[in-house]
Amino acid sequence: MSTPTLPASSAAVASRHGAAIALAVTAGHFINDAYGAMLTPLMPALQSKYGVSIAAVTFLSSVYSLTSSVLQPLLGIVGERIDRRYAAALGPLMTGIGLTLMGFVPWFGALVLLVAVAGFGSGFFHPAGAAYVAQNSPADKRGLWASLFSAGGTGGMALGPVFAGVGLTHLPWFALIGAVIAAVTFAVTPSGVQKAKRVGLAEYVGIFRGPLVWLWGMAVLRSLASMGYNAMLPFMLLARGFGAREVGLTLAVYSVASAVGGIVGGRYSDKYGRTAVLRAAILSTIPFFAVLILSSPADWWFYPLTFLVGAAVNASIPVGVVTAQEYAPQHVAVASSIMMGFSWGVAGVLVFLVGALADATTPQTAALASLALLIPSALIAYRLPEPQKVKFEA
């Protein structure tokens with residue numbers, strides 16, 4: 001018996017609607033992550049305004065990481081039980097309001113609560129946005145669409161420090177961007193209440209087993225390697241006689257390369273398989289990463305090599321998200337949150353160990369130790385089975 005198909009005109013309308021949904025949530029990803037990237041550059045201003053210690057103001061990053069990343073799988077579960085449309089639209093709005101009003105609360109405790117609320121907004125948005133992209137992308141271009149969604153967030157992170165440059169007083173104006181994008185997202189996205197049967201906590205815990213837990217472990221090690229390098233970079237360059245300009249330029253090149261690498265990796269995974277790209281992206285990076293750590297902006301190859309390494313090591317990020325979704329097709333929001341939030345959040349919590357190693361040795365030694373984490377990450381990638389490109393549950 002043949003499978004009924006949509007008329008050509010109906011299929012074209014559905015395709016355009018799917019593209020509009022993906023574009024809206026990608027714009028949401030861009031502005032959400034731009035808001036999140038404002039926090040670190042504004043810490044000196046926040047310390048001065050509220051008269052607190054460096055440790056206290058740094059605690060804000062820990063609060064944001066906890067609510068936006070570490071708790072993201074739980075927020076993904078909640079998102080499967082409510083209308084996903086609200087999470088996709090209100091998430092960036094919450095993040096924007098929380099982080100643009102940081103200079104307008106009367107005391108530091110209220111600031112901590114405000115940052116926590118902003119983190120919850122980000123934590124709700126990411127699994128919902130990724131689920132909308134996954135469910136509206138063509139099966140043969142799923143990796144490409146996921147990589148474009150990922151690139152939206154990477155672009156936002158690059159722009160966030162620019163927003164922060166206007167200072168705490170004028171920051172609330174940027175909340176208007178999030179409000180407009182939230183309204184457009186709510187208008188474009190369909191109702192996203194999960195249609196599959198409601199399940200208990202035991203089944204959700206069961207998602208985090210088998211190949212998905214290995215995939216998560218691979219992502220944690222890869223993310224920690226990248227975060228460790230980024231954390232040590234300013235100290236390495238300052239020790240070699242370079243200043244903030246070179247540090248900023250290097251991080252900007254690395255960030256842009258991450259977006260480009262994610263798009264290329266996502267598209268290649270559609271053609272050649274998810275696990276093939278995961279393995280190649282991580283393993284091929286190691287020797288070039290080692291050369292980069294030992295180089296400096298005085299070398300002609302430094303910035304091209306920074307671009308190459310940033311693109312290669314981050315090419316596996318959107319591929320990993322799609323792989324997780326295909327491992328758990330009935331719970332794409334939770335699977336997405338495990339890869340986007342939980343893995344990055346755990347790596348973010350562990351990155352302080354890299355700093356401790358740098359205190360005991362040198363920043364260069366700590367960066368090389370971070371790089372070494374790509375070896376077990378690649379080994380884990382080689383044991384992952386290729387997922388099936390099945391239809392996702394709504």
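Panel note: side chain N136, backbone H17; no donor-acceptor pair is recorded below 3.5 Å. At least one donor-acceptor pair under 3.5 Å links the side chain of S377 to the backbone N or O of M218. At distances below 3.5 Å, at least one donor-acceptor pair connects side-chain atoms of Y35 with backbone N or O atoms of F174. Listed for the S226 side chain is no donor-acceptor partner under 3.5 Å among the backbone atoms of S223. Side chain of Y132 to backbone of P190: a donor-acceptor contact under 3.5 angstrom is found. Under the 3.5 Å distance criterion, the side-chain polar atoms of N32 are left unmatched by any main-chain donor or acceptor of G28.
Taking the side chain as every heavy atom from C-beta outward, L215 and L212 approach each other to under 4.5 Å. Proximity of Y64 to T95: side-chain heavy atoms (C-beta onward) are separated by under 4.5 Å at one or more points. Inter-residue side-chain proximity for P92 and F30 is flagged as unmet; no heavy-atom pair is nearer than 4.5 Å. A heavy-atom distance below 4.5 Å is found between the side chains of L371 and I293. Between L283 and Y382 there is a side-chain heavy-atom pair separated by less than 4.5 Å. Proximity of Q364 to R240: side-chain heavy atoms (C-beta onward) are separated by under 4.5 Å at one or more points. Counting heavy atoms from C-beta on, the side chains of L101 and P172 come closer than 4.5 Å. I317 has its side chain within reach of R222: a pair of non-hydrogen atoms, C-beta onward, lies under 4.5 Å apart.
Rounding to the nearest 0.5 angstrom, the gap separating the CG atom in L42 from the CG atom in L60 is 10.5 Å. If you take CG on N314 and CD1 on I263, they are separated by 12.5 Å, rounding to the nearest 0.5 Å. For the atom pair OG (S296) and CH2 (W301), the distance works out to 8.0 Å, reported to the nearest 0.5 Å. Here the straight-line distance linking atom CG of L221 with atom CG of L374 works out to 8.5 Å at 0.5 Å rounding. Atoms CG and CD1, from L373 and I282 in turn, are 11.5 Å apart once rounded to the nearest 0.5 Å.
The cluster map of Ile, Leu, Val, Met, Phe, Trp and Tyr, joined by side-chain heavy atoms under 4.5 Å apart, puts L384 and W216 in the same cluster. Residues L93 and L23 do not share a hydrophobic cluster, defined by chaining ILVMFWY side chains whose heavy atoms lie under 4.5 Å apart. No continuous path of ILVMFWY side-chain contacts below 4.5 Å connects L357 to L353, so the two sit in separate hydrophobic clusters. Linking ILVMFWY residues whenever their side-chain heavy atoms come closer than 4.5 Å, directly or via other members, leaves W173 and M94 in distinct clusters. Cluster annotation: M236 and L249 are assigned to the same hydrophobic cluster (Ile/Leu/Val/Met/Phe/Trp/Tyr, side-chain heavy-atom contacts under 4.5 Å, transitive).
Nearest heavy atom pair, residue S269 against residue G266, reads OG-O, 2.7 Å. The two atoms that bring L168 and A45 nearest to each other are CD1-CB, 3.9 Å, heavy atoms only. When all heavy atoms of P387 and T323 are compared, the closest pair comes out as CG-CG2, 3.9 Å. R84 approaches A128 most closely through the heavy-atom pair CG-CB, 3.4 Å. A358 and P363 make their closest contact through CB-CA, 3.9 Å (heavy atoms, listed as atom of the first residue, atom of the second, distance). Nearest heavy atoms, A366 versus V354: CB-O, 3.5 Å.
A 6.0 Å sphere centred on OH of Y50 holds more than 12 heavy atoms belonging to other residues, nucleotides or ligands.
In this structure, a donor-acceptor pair under 3.5 Å is present between the side chains of T362 and T365.
Between Y86 and F186, the distance separating the two ring centers is shorter than 6.0 angstrom.
Between E326 and R274, at least one side-chain nitrogen of the basic residue sits less than 4.0 Å from a carboxylate oxygen of the acidic one, meeting the salt-bridge criterion.
Ring-plane geometry between H29 and F125 is classed as tilted, the angle between the planes lying from 30 to 60 degrees on a 0 to 90 degree scale.
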Show me, pair by pair, the donor-acceptor contacts under 3.5 angstrom made by side chains of residues 102-111, not counting sequence neighbours?
none

